[in-house]
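Report on the structure given below.
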Amino acid sequence: MTETRLRFPPSPTGYLHIGGARTALYNWLYAKKTGGKLILRIEDTDAERSTEESIRGIIEGLEWLGITYDEGPYFQTDFTADHVAAAGKLLQAGHAYRCFCTKEELDAKREKALAAKQALGYDRTCRDLTPEQVAEKQAAGLPSVIRFKVPDRQGLLGYDDKVLGRIECDYREVDDFVILRSNGKPLYLLSNVVDDIRDRITHIIRGQDHMTNTIRQVLLYEALDAPLPVFAHIPLTLDTKKAKISKRSHGEIVAVHFYRDHGFIPWAFNNFLVLLGWSPGDDREIFSREELIQAFTLERINKSSAVFNFRRDDPKFFTDPKAIAINEHYLRTMPIAELAPMVRKELEAEGLWDDAWAGDRQAWFFHTIDLIRDRFHTLKDFTSLGRAYFADDFTVEDKPLQKNVLKFPDLTTWLPALADRYAQAVIFDAVETERIAREMAEELEIKPGVLINAMRTVVTGQLAGPSMFEILPVIGRDRVVRRMREISRFFPAP
RNA sequence: GUCCCCAUCGUCUAGUCAGGUCCAGGACACCGGCCUUUCACGCCGGCAACACCGGUUCAAAUCCGGUUGGGGACGCCA
C-alpha cells in the first residue's frame, strides 16, 4: 500500500476560520492515523485577493492549533507553468477548446437566464468552432479562454465519496468550464487538480461546498490520465441561522485567532472542532491527541451539516457553550505542569509575571493555579478573575462589595481587628486562620460568614472562589493583612 | 430556475448500512435539589427529539416512494 498523502490548500484571502481549521484538522488526523503526510499548499492564484498577511495568519493559526504539516508551504503560483502546460495538453488532445465569448456577453446571458428563471450555465457557443474559425478570430486579435470540453456521453458521471457514498449526476448537467483565463492564467479547477496530481495526493478531505467542483475535477483527472484520489466531503459548519460560516459575514467570532486571543487551550479547541461533524460512535467526547488519532475514521464523519452555536454579546457565553465547556474541562483537569506555561504567557502579557514563579516559588505557582482553576473558563480568567493572586491592582467587583461589605459598616473596625490578629498569629495556615476568624465572630456575636465573605471580597475582589481559608495562605499574610486593613476605602468618606 | 447533498432533544451527537434489545442513549445548555463561609466548583435529579404522508413488514428512527424543510453549487473566485 502506498503512503497516504493529504493536503490542506487554503486560499490566502483572510484569516483562518473554524471551517478551514476543522478541514485542516480532519486532514491532519487522517494523515497521522494512516502514517501518511500532510501537505500545506497556499492557493494564491487569485492575485488580487491574496495577501501576505493572510498567509502569515493561516500559518500562525495552524501552528497555534498544533496542526503540523510534513511538506510545504507550497505556493500554487510557483507552478503556473505546469497548469498552463496542462491546459495546452488538454487543448491539443481535444479535451478542451478556445472560447471567444466575452465576459460581458456571458454576464448578460447569465442575468437573462436568472431573470427568466432558466437554467444558468454556459451555452456552448464556441464548442464547435472549426479550426478555421478559431484561426480567424485569433488572427483578428480576439482574446479567448480555454474551456474544458465535457464529454458528450449518455449515462451518469460520478465518484464514490467516503462520507456520502456514491455521488452521480448527468453529464449534461455539467457546463464546459473555463480552465485558462484570457490573460493566460490558470483557474482553480485546473490548478488544483494539476497540483494534487503532482503532489501525489491520495485523499482529498474538503467541505461539501466543493461537491460540484469534484464532479468537474473527476473529468479532469480522466482527461489528464491520472488516478482518482479518494474523496471525502465533510459537512459544512453553519451559523445559528443555518447559513454557511464565512469570514465576511461573521467576522472575528469564526476566526481561529479569536479563540487564541480569548484564552482557549489549543488542544481543547481542536477537541471541540472535531466533534462538529464527527463522533467516535460511543459516548467519549474528550480525547487526548493520541486517542483522537486512534479513534478517527472517515467513515464516522457525519453527512449532515453542523451548527456552530456561537453567541455574541452574551456575558456568560461569548461563543458556543460547548466549546467553552470543553475548554473548561481541559483547564480544570490537565496536568498543572502543562497548564502552567499557558498561564505564564497570560501573566507575561499583562506584565504580572515574576521569574521566581518558575524558580523558588514554582511550587506556590502550581498550587495557586490548581486552587483557582476549578471555577475558571479560559486562560484569560487567571489575569482577570484571578488577578488578586498575582497582583495588587485587582478590581473589587461591585456585587460582592454591596452584598458583603457595604451592608455592614462595622466591618471597618472588625476587619482591621481581624487583620491584627492575623498579623500576630504564630502560624498562618488554613486551620489557624479559620479558628481565629470563627473565634472573633463568636466574640462579636455575628455569623462567621460576615467576616469570611467580607474577607473574600477585599482579599480577592470576587463574590465566589475556593475555600477562603485555603486562599489566605496562598495570597500570603502580608497582602491579606494589608487588604483587610484598607477596607475603609470602600466606604464613602464620613 | 437547474443540479447535488442532507433531515433524531435548543446545540453537538449515538442508534440507520446488517428492522425487534429504543415509549430513543450521551454531552453541552436550561430547570430543580443537595453541599457550602461564597460560587458560573462538585454531586443528585428533571425537562427535551425520530419533519410530514404513504408503502413494505408480525415489527420501522432504521428499508422504499413522495411531500415539506434546510444547505451547497451553478464566476475569466478559491
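Below, read A as the first sequence line, B as the second, and so on, with proteins coming before strands; counting in each chain starts at 1. The analysis underlying the following values was restricted to heavy atoms, covering all of them including side chains, and did not include hydrogens, waters or symmetry mates.
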Provide, to the nearest angstrom, the distance between the CG atom belonging to Leu451(A) and the C1' atom belonging to U36(B).
-> 17 Å
Candidate nucleotides C41(B), C4(B), A78(B), ranked by approach to the side chain of Ile167(A) - the nearest = C4(B)
Decide, yes or no, whether a salt bridge links Asp170(A) with Arg172(A) under the criterion of side-chain N to carboxylate O below 4.0 Å.
-> yes
Is there a donor and acceptor pair closer than 3.5 Å between the side chain of Gln208(A) and the base of G71(B)?
-> no
Ion pair Arg7(A)/Asp199(A), N-O distance below 4.0 Å = no
Of G75(B), C4(B), A78(B), the nucleotide closest to the side chain of Thr45(A) is A78(B)
Hey, is the side chain of Asn192(A) pairing donor to acceptor with the base of A78(B) inside 3.5 Å?
-> no
Taking all non-hydrogen atoms of both residues, which atom of Leu91(A) and which atom of Tyr97(A) are closest, and how far apart?
-> CD1-CA, 3.6 Å
The single option from Asn192(A), Asp195(A), Asp44(A) passing side chain to side chain donor-acceptor pair (under 3.5 Å) against Gln76(A) | Asp195(A)
C1'-based separation of U11(B) from C22(B) [nearest Å] = 22 Å
Among A78(B), C76(B), U37(B), the one nearest any side-chain atom of Phe469(A) is U37(B)
For Phe317(A) and A29(B), give me the distance from atom CZ to atom P, rounded to whole Å.
-> 6 Å
Hunt down the Watson-Crick or G-U wobble partner of C63(B), both distances under 3.5 Å, from any strand shown, or write none.
-> G55(B)
Who pairs with G69(B) - Watson-Crick or G-U, where each distance is under 3.5 Å = C6(B)
Between Arg300(A) and G15(B), is there a side-chain N or O to OP1/OP2 distance below 4.0 Å?
-> yes
Check: His377(A) side chain, A40(B) base, donor-acceptor under 3.5 Å | yes
From the options C12(B), C6(B), A29(B), select the nucleotide whose nearest atom is closest to the side chain of Pro321(A).
-> A29(B)
May I ask which nucleotide in the shown strands pairs with G45(B), Watson-Crick or G-U wobble, both distances under 3.5 Å?
-> C31(B)
Residues Arg56(A), Glu53(A): salt bridge by 4.0 Å N-O rule | no
Is there a donor N/O on one and an acceptor N/O on the other, under 3.5 Å, for the side chain of Ser305(A) and the base of C6(B)?
-> no
Short side-chain N/O contact from Arg284(A) to OP1 or OP2 of G26(B), under 4.0 Å | no
Hey, which sits more toward the 5' end of RNA chain B by its nearest nucleotide, Pro235(A) or Pro466(A)?
-> Pro235(A)
Check the distance between G71(B)'s C1' and Asp239(A)'s CG and give it to me in whole angstrom.
-> 11 Å
Ser279(A) side-chain proximity, nearest of U11(B), U13(B), C41(B) = U13(B)
Rounded to whole angstroms, how far apart are OH on Tyr171(A) and P on C4(B)?
-> 15 Å
Nearest-Å distance once atom C1' is located in both G32(B) and C47(B) = 10 Å
N/O donor-acceptor pairs under 3.5 Å from side chains in residues 148-155 of chain A, not counting sequence neighbours:
unit_1: Arg153(A); atom_1: NH1; unit_2: Tyr171(A); atom_2: OH; d: 2.7
unit_1: Arg153(A); atom_1: NH1; unit_2: Glu222(A); atom_2: OE1; d: 3.4
unit_1: Arg153(A); atom_1: NH2; unit_2: Glu222(A); atom_2: OE2; d: 2.5

Arg216(A) vs G75(B): side-chain N/O to OP1/OP2 distance below 4.0 Å | no
Centroid-centroid distance, His262(A) to Phe258(A), less than 6.0 Å = yes
Between C1' of C76(B) and CG of Leu106(A), the distance in whole Å = 8 Å
Atom of Ala417(A), atom of Met440(A) and distance for their closest heavy-atom approach = CB-CE, 3.9 Å
Grab the N/O contacts between the protein and nucleotides 16-20 of chain B below 3.5 Å, and write none if there aren't any.
none

Residue Ser182(A), side-chain heavy atoms: nucleotide from G71(B), C76(B), U38(B) that is nearest | C76(B)
In whole angstrom, give me the gap between the P atoms of C44(B) and C52(B).
-> 34 Å
Report the nucleotide, chosen from C12(B), C39(B), C76(B), that has the shortest atom-to-atom distance to any side-chain atom of Lys322(A).
-> C12(B)
When rounded to the nearest Å, what value does the distance between C1' atoms of A73(B) and C17(B) take?
-> 28 Å
Along RNA chain B (nearest heavy atom to each residue), the more 5'-positioned of Arg438(A) and Arg22(A) | Arg22(A)
Under 4.0 Å: is that the gap between some side-chain N or O of Lys316(A) and OP1 or OP2 of A29(B)?
-> no
Among A14(B), C74(B), U11(B), the one nearest any side-chain atom of Leu120(A) is C74(B)
If you check every side-chain atom of Ser304(A), which of A78(B), C6(B), U38(B) has the closest atom?
-> C6(B)
Find the distance Arg375(A):CZ to U38(B):C1' and express it as a whole number of Å.
-> 8 Å
Got a donor-acceptor pair under 3.5 Å from the side chain of Thr457(A) to the base of U38(B)?
-> no
P-based separation of C9(B) from G26(B) [nearest Å] = 16 Å
Given that both distances must come in under 3.5 Å, which nucleotide forms a Watson-Crick or G-U wobble pair with C39(B)?
-> none
For G75(B), does either OP1 or OP2 sit under 4.0 Å from a side-chain N or O belonging to Lys109(A)?
-> no
Atom-pair distance (CZ on Phe272(A); P on C28(B)), nearest Å = 14 Å
Using the P atom as the reference point in each nucleotide, state the distance between A27(B) and C41(B) in Å, no decimals.
-> 16 Å
In Watson-Crick or G-U wobble terms, both distances under 3.5 Å, what is the partner of C74(B)?
-> G1(B)
Arg206(A) with Glu43(A): basic N within carboxylate O range, under 4.0 Å = no
Is a salt bridge present between Arg284(A) and Asp282(A), judged by a nitrogen-to-oxygen distance below 4.0 Å?
-> yes
Sidechain N-carboxylate O distance under 4.0 Å for Asp196(A), Arg41(A) | yes
Atom-to-atom span, CD of Glu328(A) to C1' of A27(B) - whole angstrom | 13 Å
Taking atom C1' in both U38(B) and A61(B), compute the distance separating them and give it to the nearest angstrom.
-> 46 Å
Gap in Å between the two C1' atoms, one belonging to U67(B) and one to C23(B), rounded = 27 Å
Distance check: side-chain N/O of Arg311(A) vs OP1/OP2 of U11(B), anything under 4.0 Å?
-> no
Consider the side chain of Leu275(A), meaning its heavy atoms from C-beta on, and name the nucleotide among C76(B), C12(B), C74(B) that approaches it most closely.
-> C12(B)
